[in-house]
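What you see is a predicted model, and the numbers here were worked out from it, not measured in a lab.
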Amino acid sequence: MITLHTLASGSEGNAALFSSGATHLLVDAGISARRIKLSLSSLGLSPAGLTAILITHEHADHVSGLRMLLKGLSVPVYASAATCQVLADKIPGIAPHLQEVLPQVPFSLGGVTVTPFSTSHDAAGSLGFRMDEGACSVGLLTDTGFVTPEARHVLPGVQLLLLESNHDVEHLLSGPYPYSLKQRILGPLGHLSNEDAAAFARQMAACGLRQVVLAHLSRENNSPAMARFAAEQALQLGGFSVPVSVAPRGECSPCYFVEEEACRR
């Protein structure tokens with residue numbers, strides 16, 4: 001069984017924990033180390049129990065707690081070569097922790113096979129991840145202006161997908177953001193809209209997706225109800241009955257999971 005908890009999800013900070021048996025993978029550390037430790041403790045885990053930390057990209061809402069979290073730990077940090085370089089330049093003492101990974105080249109952590117893939121964001125070497133353990137698999141795709149060909153190649157077949165659904169386009173266009181910021185978000189290096197996320201969820205449902213968790217919602221340009229409605233409508237129109245959840249912005253989520261028996265069906 002693979003379990004997923006989001007510790008935070010949104011522009012204010014992002015972190016998620018994927019676990020399978022004794023393997024615990026923290027994806028991003030964009031909230032304070034104190035909040036990460038408290039969330040891990042609520043799940044019966046300490047930072048020393050982490051197998052590894054995976055970093056999608058170097059933006060503050062994904063790495064702001066990393067320096068303090070690593071104090072006194074020997075946990076490895078996996079990221080693209082470009083992200084590793086930025087992290088080494090901006091976080092003193094992190095270099096010994098860094099492990100470079102290549103997009104679409106799987107590697108093993110405990111009993112989990114991790115496959116990174118390229119995303120499209122205004123960051124150095126940004127990545128998404130797929131995790132496989134036995135017959136079970138989960139994916140994470142956030143902070144991307146569009147669904148990249150690499151994501152479309154790697155993610156089919158996952159049973160659980162943590163998927164960015166950042167904004168409603170009409171709300172963004174009519175909202176208070178400056179024009180330049182709106183163009184950044186809407187552009188190919190920005191963030192995934194509700195409509196694009198919904199369309200991709202429907203495509204993944206045709207490939208075996210059993211559950212989708214919507215993530216990284218904008219506080220100003222979206223709402224959980226709008227994001228969920230877009231995804232549920234697209235799935236229903238495609239004839240798929242796939243549960244849709246929305247990750248909480250500032251607190252630990254319920255447990256999302258895929259079990260071995262369900263994965264074999």
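Contact between Glu133 and Ser20 at its shortest, heavy atoms only, is CG-OG, 3.1 Å. Shown here for Cys84 and Gln99, the closest heavy-atom pair between the two residues is SG-O, 3.9 Å. Of all heavy-atom pairs between Leu69 and Ala29, the closest is CD2-CB, 4.4 Å. Annotation for Leu109 and Ala52: closest pair CD1-CB, 3.9 Å, computed over non-hydrogen atoms. Taking all atoms of both residues into account, the shortest heavy-atom contact from Phe107 to Pro116 is CE2-CG, 3.7 Å. Between Ser218 and Arg249, the shortest heavy-atom distance links the atoms O-NH2, 3.1 Å.
Looking at Ser118, its side chain never comes within 3.5 Å of a backbone N or O of Glu150 through a donor-acceptor pair. At distances below 3.5 Å, at least one donor-acceptor pair connects side-chain atoms of Asn222 with backbone N or O atoms of Asn166. A donor-acceptor pair is defined here as one N or O able to donate and one able to accept, closer than 3.5 Å; such a pair exists between the side chain of Asn14 and the backbone of Asp61. No donor-acceptor pair under 3.5 Å is formed between the side chain of Glu220 and the backbone N or O of Pro176. A distance-only check finds no donor-acceptor pair linking the side chain of Gln159 to the backbone of Arg210 [under 3.5 Å]. In terms of modelled atom types and a separation under 3.5 Å, the side chain of Thr148 and the main chain of Ala151 share a donor-acceptor contact. With hydrogens and angles disregarded, a donor-acceptor distance shorter than 3.5 Å links the side chain of Thr83 to the backbone of Ala124.
If you take CZ on Phe240 and CG on Leu209, they are separated by 9.5 Å, rounding to the nearest 0.5 Å. The structure places OH of Tyr78 at 14.0 Å from CG of Leu127, a figure rounded to the nearest 0.5 Å. The distance from the CG atom of Leu214 to the OG atom of Ser245 is 8.0 Å, given to the nearest 0.5 Å. The CZ atom of Phe146 lies 9.0 Å from the CZ atom of Arg152; values are rounded to the nearest 0.5 Å. In this structure, the separation between CD on Glu164 and CG on Leu140 is 10.0 Å, given to the nearest 0.5 Å. Interatomic distance, His97 NE2 to Leu87 CG, rounded to the nearest 0.5 Å: 11.5 Å.
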For this session: Could you walk me through whether Ser253 and His5 pass the side-chain hydrogen bond (donor to acceptor under 3.5 Å, both in side chains) test, one step at a time?
Result: CA-CA 6 Å; Ser253 74; His5 292 84; 5.8 Å; no

Problem set entry | Derivation and outcome, side-chain contact (heavy atoms from CB on, under 4.5 Å), residues Ser126 and Thr56 | CA-CA 5 Å; Ser126 60; Thr56 59; 5.9 Å; no

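Scanning for salt bridge (charged side-chain N to carboxylate O under 4.0 Å, His left out) contacts around Asp132 gives Arg130, with sequence neighbours left out. In this structure, the side-chain contact (heavy atoms from CB on, under 4.5 Å) partners of Ser11, at least two apart in sequence or on a different chain, are His216.
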Mind listing the side-chain donor-acceptor pairs of residues 34-41 below 3.5 Å, one per line with the distance, residues two or more places apart or on another chain?
from, atom 1, to, atom 2, distance (Å)
Arg35, NH2, Gly250, O, 3.2
Ser39, OG, Arg35, O, 3.1

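A donor-acceptor contact under 3.5 angstrom links the side chains of His62 and Asp143, judged on distance only.
Taking the side chain as every heavy atom from C-beta outward, Asn194 and Phe229 never approach each other to under 4.5 Å.
A side-chain contact (heavy atoms from CB on, under 4.5 Å) with His167 is found for one member of Leu173, Ile185, Leu192 and no other, namely Ile185.
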